[in-house]
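No hydrogens, no waters, no symmetry mates; every other heavy atom, side chains included, goes into these values.
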Amino acid sequence: MAKVILNDVCKTYDKTQTIHDVKLDIESGEFLVLVGPSGCGKSTLLRMIAGLEDVSSGRVHIDARDVTDVNASEREISMVFQSYALYPHMTVKENLAFGLKNIKMPTAEIESRISEAADILQLSELLNRRPQNLSGGQRQRVAIGRSIVQNPKVFLFDEPLSNLDAALRVQMRQELSKLHSKLKSTMIYVTHDQVEAMTLADRIVILRAGKIEQIGTPLEVYNQPANTFVAEFMGAPKINLLTAVAEKSSEGFDLVFEGQSRLSIAGSLSHLPPDNKVTLGIRPEHISIKAPSNEKTAMQATVTYSELLGDSTIVYLNYAGQEIRVKLASQEQLSVGDIFDLEIDSKYLNCFVNNMRVDIQ
């Protein structure tokens with residue numbers, strides 16, 4: 001296990017800065033996931049930790065050692081790539097042993113490490129097979145096993161599951177989680193898949209355009225997103241963002257929406273702009289629907305589309321010209337044109353001013 005520290009790390013290509021002053025402390029034994037849209041810099045950041053990309057400025061420390069200018073082969077890390085990168089003419093055992101033989105490790109030690117890795121990853125019955133005789137999930141386990149036998153201080157994963165089908169990705173997520181529990185090693189994992197981030201991470205780092213937008217546990221970034229970008233990026237279906245005007249009331253404040261619909265909130269907002277306009281963020285699972293009423297303050301919406309997912313239903317509604325997504329934990333047969341009142345669970349509200357989250361106190 002080892003702690004990884006990035007101090008003001010930057011990366012510039014041809015005078016274009018792609019990574020901007022990243023400060024990040026990754027704790028020893030932590031499973032940290034870097035997530036963000038394509039081109040946000042997550043793989044570049046991982047490759048700088050690995051030593052596969054030069055650092056334009058700033059410093060990288062692994063296990064209290066400055067490795068900024070140290071070759072990748074001397075950083076005591078191991079990297080698993082999106083492609084399995086297995087030698088097709090070698091057996092599983094030979095693939096696992098290849099790197100260890102190159103550094104002239106004693107045969108007995110090689111055998112011991114291969115046996116241990118094969119046991120952990122359930123590869124013992126596959127050691128004499130070649131890659132073309134393995135499934136995608138088995139090949140990825142071999143690629144991970146090749147990292148384990150090196151006994152690195154830090155494991156780096158660059159979108160290792162993106163080539164697998166949906167069922168295999170679920171299985172491999174479970175296996176990676178179990179692997180981390182067994183090895184208790186520091187693992188840094190890059191993905192564009194928010195489900196992988198939510199299910200695997202101790203902490204998530206959300207990147208956009210080479211900058212960190214938020215660092216937190218999966219529940220923190222989901223329930224208390226730092227800004228509207230994080231709010232929209234994390235979660236499927238996407239969060240609903242509604243514009244409202246905050247008006248003081250005797251018990252706190254009211255959020256007044258288009259059409260004069262109102263939602264009463266206890267407490268006060270920590271910051272309001274001069275026009276009192278805020279953006280309300282509410283997850284689809286925190287909105288319910290009920291039969292329409294005649295109340296003037298009700299949020300009345302019309303069904304435009306619904307998706308029956310088996311265990312739940314996603315309903316798309318039009319409210320004052322804006323699409324609202326509602327996730328119902330039931331099988332509902334709804335028709336286009338049906339009218340409902342929307343009920344928002346105010347315990348789960350997020351308010352944003354100028355795209356940044358503000359606290360309800």
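- Looking at Asn318 and Thr304, their side chains never bring a donor and an acceptor atom within 3.5 Å of each other.
- Arg129 places no side-chain N or O within 3.5 Å of a backbone atom of Val92 that could act as its donor or acceptor partner.
- The backbone N or O of Glu74 lies less than 3.5 Å from no partner atom in the side chain of Asn71, so there is not a single donor-acceptor pair.
- Of the possible donor and acceptor atoms, none in the side chain of His180 sits under 3.5 Å from a partner among the backbone N and O of Leu200.
- By the ring pair (Phe, Tyr, Trp, His ring centres under 6.0 Å) test, Tyr189 pairs with Phe31, Phe157, sequence neighbours left out.
- The existence of a salt bridge linking Glu196 and Arg173 is excluded, since no basic side-chain nitrogen approaches an acidic carboxylate oxygen closer than 4.0 Å.
- Panel note: side chain Arg59, backbone Asn7; no donor-acceptor pair is recorded below 3.5 Å.
- With respect to Glu53 and Arg47, a salt bridge is recorded, a charged nitrogen being found less than 4.0 Å from a carboxylate O.
- The shortest heavy-atom contact between Val67 and Arg75 is O-NH2, 2.8 Å.
- Side-chain contact check for Glu213 and Asn227: at least one donor-acceptor pair (N or O, by modelled atom type) lies under 3.5 Å.
- The aromatic rings of Phe233 and Phe229 sit parallel, their planes meeting at an angle under 30°, below the 60° perpendicular limit.
- Under a 3.5 Å cut-off, the side chain of Asn163 and the backbone N or O of Gln82 do form a donor-acceptor pair.
- Salt bridge annotation for Glu30-Lys184: absent, with no cationic side-chain nitrogen under 4.0 angstrom from a carboxylate oxygen.
- For Glu175 (side chain) and Met172 (main-chain N/O), no donor-acceptor pair under 3.5 Å exists by modelled atom type.
- Other cluster members for Tyr305: Leu309, Ile314, Tyr316, joined by side-chain heavy-atom distances under 4.5 Å among Ile, Leu, Val, Met, Phe, Trp and Tyr.
- Under 3.5 Å, the side chains of Asp158 and Ser43 contain a donor-acceptor pair of N or O atoms.
- No cation-pi contact links Arg357 to Phe352, judged by a cut-off of 6.0 Å to the six-membered ring centre and 45° from its axis.
- The closest side-chain donor-acceptor pair between Asp14 and Thr16, if any, does not fall under 3.5 angstrom.
- Under a 4.0 Å N-O distance rule, the pair Asp345/Arg283 does not qualify as a salt bridge.
- Thr191 contributes atom OG1, which lies 7.5 Å from atom CG of Leu161 (distance to the nearest 0.5 angstrom).
- A distance of 13.0 Å separates NZ of Lys11 from NE2 of His20, quoted to the nearest 0.5 Å.
- Ionic pairing of Glu111 and Arg113 is not present here: no N-O contact between side-chain nitrogen and carboxylate oxygen is shorter than 4.0 angstrom.
- A salt bridge between Asp8 and Lys23 is present, with a side-chain N of the basic residue lying under 4.0 Å from a carboxylate O of the acidic one.
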